[in-house]
Amino acid sequence: MNTTNELRKSIKALIAEKKVDLFLAWEKGSLPLTATPLFVSTEDQADRAVFDVTCGNNLSIYFTKDRKQFANRKVGIAVKGCDARSVVLNILEKQIQRENVVIVGVPCDGVLDRKKVLAKTDGREVLELIDNGETVTVKGNGFDLLLNRNEILSSSCLACTYPDAQEYDVFIGDARGEVPNESRLKEIHDFQALSASERWDKTRNEYERCIRCYACRNVCPSCYCNVCFVDQNDPKWIGSTCDYTDTLIFHVIRNLHVAGRCVECGACQRACPMDIDLLMLNRKVAMEVKDRFGDIAGLDINGKPAMSDFREDEKQKFIMG
Amino acid sequence: MNMVRLDKKKFGDFILELSVEHAVYAPGNTGGKTDFIPVSSEDEINLKTLVTDLSPKGIFFPHSEVLYEYDTEGIRVPEKEAGKPIAVWGMRGCDSRSLLMLNKVFGSAIQMPDNKNFQDPYWKEKYDSSVIFGSACNMPQSTCFCNWFGDGPHSREGMDVFVVDAGDHYLMEPVSDKGSNILGKLTCLTDSLEGDAEAALKLASEAESTMVPPMDVNGLGELLNDLYDEPVWEDISAKCINCGACTFSCPTCHCYDIQDEGKGSSGKRIRIWDSCMFPIFTMEASGHNPRALSSQRVRQRVMHKYSYFLEKYGDFLCTGCGRCITVCPVNLDIREVLKTINVYNRQGITNG
Amino acid sequence: MSEWQPRILAILCNWCSYAGADLAGVSRMQYPPSIRVVRIPCSGRVDPLFIMKSLQSGFDGVLVSGCHPGDCHYISGNYVARRKFAVLKPLLEFIGLEPNRVQFSWISAGEGDRFAKVVTKITEDIRELGPATRLVKKT
Ligand code: SF4
Ligand code: SF4
Ligand code: SF4
Ligand code: SF4
């Protein structure tokens with residue numbers, strides 16, 4: 001089944017039946033390996049929509065951009081499993097109303113991380129990518145390279161448990177179902193096995209490279225504060241230079257702000273121009289949230305984000321005395 | 001002085017010789033990314049990437065720079081270790097041109113209202129004494145659009161020495177007096193042979209022929225001014241998420257913020273990269289923000305690059321290096337933006 | 001030379017732990033002079049950012065203390081705080097900060113002895129670790 005065609009049909013139908021005023025999807029980007037967000041408001045435009053391995057963007061960020069830009073409009077959105085969780089979270093956090101969104105789930109086999117592809121080509125530009133299923137072929141000026149799909153998928157996808165939208169109005173194609181993904185937390189357990197000073201060195205080496213462009217924050221569907229704490233200047237909480245203590249505080253606090261709200265879509269990591277492994281800490285936090293409070297961000301449309309909830313009888317072994 | 005040759009086998013010696021009197025910067029790896037980094041030997045240099053992920057502006061205009069320190073005694077400009085002048089190896093034409101643009105701002109900015117020129121000492125100290133070894137591009141990328149604004153992949157603008165990779169050797173030609181001087185001093189160079197100049201020209205025309213023909217940018221500045229109030233900006237900016245990735249990786253973006261970092265009775269005044277993409281960039285103390293919307297900020301970025309800077313300094317503030325295109329998380333392609341502008345039929349204006 | 005004395009920031013809630021500290025004082029209980037107290041209305045007010053900032057500015061440790069579960073003056077402030085701390089603490093350890101630098105406790109207004117004990121314990125633990133270096137900003 002051709003997902004792209006089905007998606008186009010579905011968007012056209014929604015527009016024709018006036019069920020949506022606007023539909024958020026993806027179209028082919030101007031670069032190889034890239035898709036770009038597409039805002040569809042006419043049936044003709046729907047023919048530009050695509051869904052494939054390049055469609056990494058989590059489109060739910062547009063619900064919270066520029067405050068109320070879609071206010072009083074019915075908006076349709078194409079979602080992968082992780083994106084759907086962001087939409088649910090946006091609904092739970094009252095950024096959008098369920099009745100104003102039409103959620104169209106697409107079957108997702110994972111999206112690629114361009115940076116991983118480019119790392120394989122040793123600095124040479126990639127001009128084309130052919131998806132063969134288990135493998136992909138990347139072509140450039142005077143070379144082609146056969147890569148295993150797992151080598152270039154976004155690390156968020158390699159650890160994904162819920163590839164299908166759990167909340168949707170329309171689902172296109174065949175759902176993959178829950179993926180048990182045994183190795184999901186291996187990286188975290190391996191890291192935890194290191195000594196504290198090894199962990200500190202690694203963390204520092206990673207975050208020291210941050211240039212504070214905030215692409216990670218801006219691309220994150222869960223980061224939509226009017227004024228982010230790093231931008232506040234009265235009081236000014238943290239310095240804006242690349243001093244690693246400041247950068248690390250920015251990231252740790254951001255991790256906590258998205259605790260129980262991070263859907264592990266990996267958008268932050270794919271957006272980072274410095275290729276910093278941002279997902280590791282997010283995943284650690286998600287793991288704690290799940291183990292301690294039993295919550296998984298954006299899975300339950302009748303739930304409550306973990307950090308705005310509590311139970312009286314929670315474990316508290318970490319409390320002193 | 002004429003063209004000279006550097007045998008690639010002697011490249012290591014060349015870097016060592018250059019390092020004697022210079023702090024040498026060249027493309028290298030930081031984490032998984034490429035940037036211009038201080039190098040002391042051939043091994044640290046990565047010449048495989050055409051366009052480094054971060055631009056060389058950071059050499060002369062770093063992300064954060066302490067302007068002075070203060071305490072109850074007064075203020076002090078931090079002492080620099082008696083630094084050697086900077087030499088940069090492997091700078092592409094787009095990047096060396098960007099330094100000329102930055103030099104217009106930091107080297108002699110036109111001040112309103114008295115029209116005196118302001119010179120930024122922190123910039124001048126590093127830039128004026130530097131020597132730039134350029135690097136001609138024999139194989140431009142699909143994101144390169146230097147041919148829109150400059151004179152293409154073998155441009156020499158902003159370089160002191162023009163360098164062409166000609167297989168097993170480099171051909172070097174001085175572009176400035178500083179360039180002739182340094183070439184005169186280096187001992188590992190040999191005279192060029194007959195046919196070398198022709199070989200370089202051939203590489204230049206081959207490189208040019210692989211590039212997509214440019215969009216005509218004549219009149220772009222005025223066109224933009226006319227379109228300032230058009231609704232087209234909303235469409236153009238719809239997908240931008242206003243991160244600063246494009247402006248931080250751009251070799252010509254040079255906006256900065258000045259912040260104090262104090263503790264107790266002492267502190268530092270620091271200049272830090274800023275970006276017109278950030279909502280707080282124009283936030284006023286009253287809470288009013290003249291560029292509160294994403295569309296207004298995207299318009300500012302485009303207007304500054306292709307209209308305001310042109311008006312003030314006679315050049316576009318864009319060299320066509322393509323970094324903003326590759327780095328953008330939502331693939332907002334500046335070439336597409338300019339094309340949209342170019343064909344926009346200005347309904348709003350004609351209708352009223 | 002006298003032994004190195006860690007500097008520990010104690011963020012105490014107004015209704016229980018601060019009163020507990022007070023009681024320890026008026027009862028002349030002995031505990032190390034290592035803490036600097038900040039009084040806040042409720043442990044629920046403690047933003048993890050306060051803790052990070054304290055470490056960055058050079059404190060060797062941070063203690064946050066509030067009312068026992070069920071006793072919060074504002075009914076649920078400490079429950080909300082507990083969730084935050086329950087995530088913050090493992091995260092800080094994960095990035096490689098020494099586990100004992102940041103601690104949480106519940107101390108009621110009547111538990112002056114408990115306050116003295118907690119301060120003694122956290123001080124000893126931190127003395128063992130030595131001065132903080134990892135998140136401290138060099139100025
Ligand atoms: S923190 Fe990263 S992975 Fe988590 S929701 Fe935000 S962008 Fe997605
Ligand atoms: S990091 Fe925190 S304050 Fe900043 S936008 Fe994200 S959630 Fe809001
Ligand atoms: S995207 Fe990367 S470089 Fe930019 S602020 Fe985030 S971590 Fe830092
Ligand atoms: S154009 Fe792209 S890189 Fe620039 S601010 Fe917008 S989203 Fe970020």
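All chains are named by letter (A, B, ...) in the order of the sequence lines, taking the proteins before the strands, and each is independently numbered beginning at 1.
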(message) Between Thr34(A) and chain B, with a heavy-atom cut-off of 4.5 Å, which part of the residue counts as in contact: side chain, backbone, both or neither?
(response) side chain
(message) To the nearest 0.5 Å, what is the distance between CH2 on Trp273(B) and OG on Ser240(A)?
(response) 14.0 Å
(message) Can you tell me how far apart OG (Ser142(B)) and CD (Glu128(A)) are? Round to the nearest 0.5 Å.
(response) 12.0 Å
(request) Please tell me if the side chains of Ile241(B) and Tyr62(A) come closer than 4.5 Å, counting only heavy atoms from C-beta onward. (result) yes
(request) Name the member of Gly239(A), Gly140(A), Cys242(A), Ala271(A) that forms the most heavy-atom pairs with chain B at distances under 4.5 Å. (result) Cys242(A)
(message) Within the 4.5 Å heavy-atom criterion, are Met277(B) and Tyr214(A) side-chain neighbours or not?
(response) no
(request) Specify which of Pro279(B), Gly31(B), Ser295(B), Ala238(B) makes the most heavy-atom pairs with chain A at under 4.5 Å. (result) Ala238(B)
(request) May I ask you to decide if Ser294(B)'s main-chain N or O and Lys65(A)'s side chain share a donor-acceptor pair within less than 3.5 Å? (result) no
(message) Under a 4.5 Å cutoff for heavy-atom pairs, which residue among Asp257(B), Asp35(B), Asp333(B) has the most contacts with chain A?
(response) Asp333(B)
(message) Between Leu293(B) and chain A, with a heavy-atom cut-off of 4.5 Å, which part of the residue counts as in contact: side chain, backbone, both or neither?
(response) both
(request) Check each atom of Leu38(A) against the heavy atoms of chain B and say whether the ones under 4.5 Å are side chain, backbone, both or neither. (result) neither
(message) Quick check on the structure: residues of residues 48-65 of chain B within a heavy-atom distance below 4.5 Å of chain A, by number.
(response) Lys48(B), Thr49(B), Leu54(B), His63(B), Ser64(B)
(request) Please round to the nearest 0.5 Å and tell me the distance separating atom CZ of Phe278(B) and atom SG of Cys213(A). (result) 7.0 Å
(request) Side chain from CB out, backbone as N, CA, C, O: work out which of these in Arg114(A) comes under 4.5 Å of a heavy atom of chain B, or both, or neither. (result) side chain
(message) Please report the interatomic distance CG(Leu33(A)) to OG1(Thr326(B)), rounded to the nearest 0.5 Å.
(response) 11.5 Å
(request) Check each atom of Ile211(A) against the heavy atoms of chain B and say whether the ones under 4.5 Å are side chain, backbone, both or neither. (result) both
(message) Does any backbone or side-chain atom of Asn205(A) lie under 4.5 Å from a heavy atom of chain B? Answer side chain, backbone, both or neither.
(response) neither
(request) Inspect the surroundings of CE in Met283(B) and state if more than 12 heavy atoms from other residues, nucleotides or ligands are less than 6.0 Å away. (result) yes
(message) Can you tell me which of Leu118(A), Thr241(A), Ile61(A) forms the most heavy-atom pairs within a distance under 4.5 Å of chain B?
(response) Thr241(A)
(request) Find out whether Lys33(B) and Arg209(A) are in side-chain contact, i.e. whether some heavy atom of one side chain is under 4.5 Å from a heavy atom of the other. (result) no
(message) Given heavy-atom pairs under 4.5 angstrom as the criterion, report whether the side chain, backbone, both or neither of Asp277(A) touches chain B.
(response) neither
(request) Tabulate, in ascending numerical order, the residues of residues 50-60 of chain A having at least one heavy atom closer than 4.5 Å to a heavy atom of chain B, or enter 'none'. (result) Asn57(A)
(request) Select, from Arg124(A), Glu208(A), Arg212(A), the one with the greatest count of heavy-atom pairs under 4.5 Å involving chain B. (result) Arg212(A)
(request) Measure distances from Thr34(B) to the heavy atoms of chain A and classify the residue's part below 4.5 Å as side chain, backbone, both or neither. (result) neither
(request) Look at the side chain of Asn331(B) and the backbone N and O of Ala35(A), then say whether any donor-acceptor pair between them is shorter than 3.5 Å. (result) no
(message) For Glu261(B), which atoms come within 4.5 Å of any heavy atom of chain A: side chain, backbone, both, or neither?
(response) side chain
(message) For Ala215(A), which atoms come within 4.5 Å of any heavy atom of chain B: side chain, backbone, both, or neither?
(response) both
(message) Under 4.5 Å from any heavy atom of chain B, what part of Ala267(A) do you find: side chain, backbone, both or neither?
(response) neither
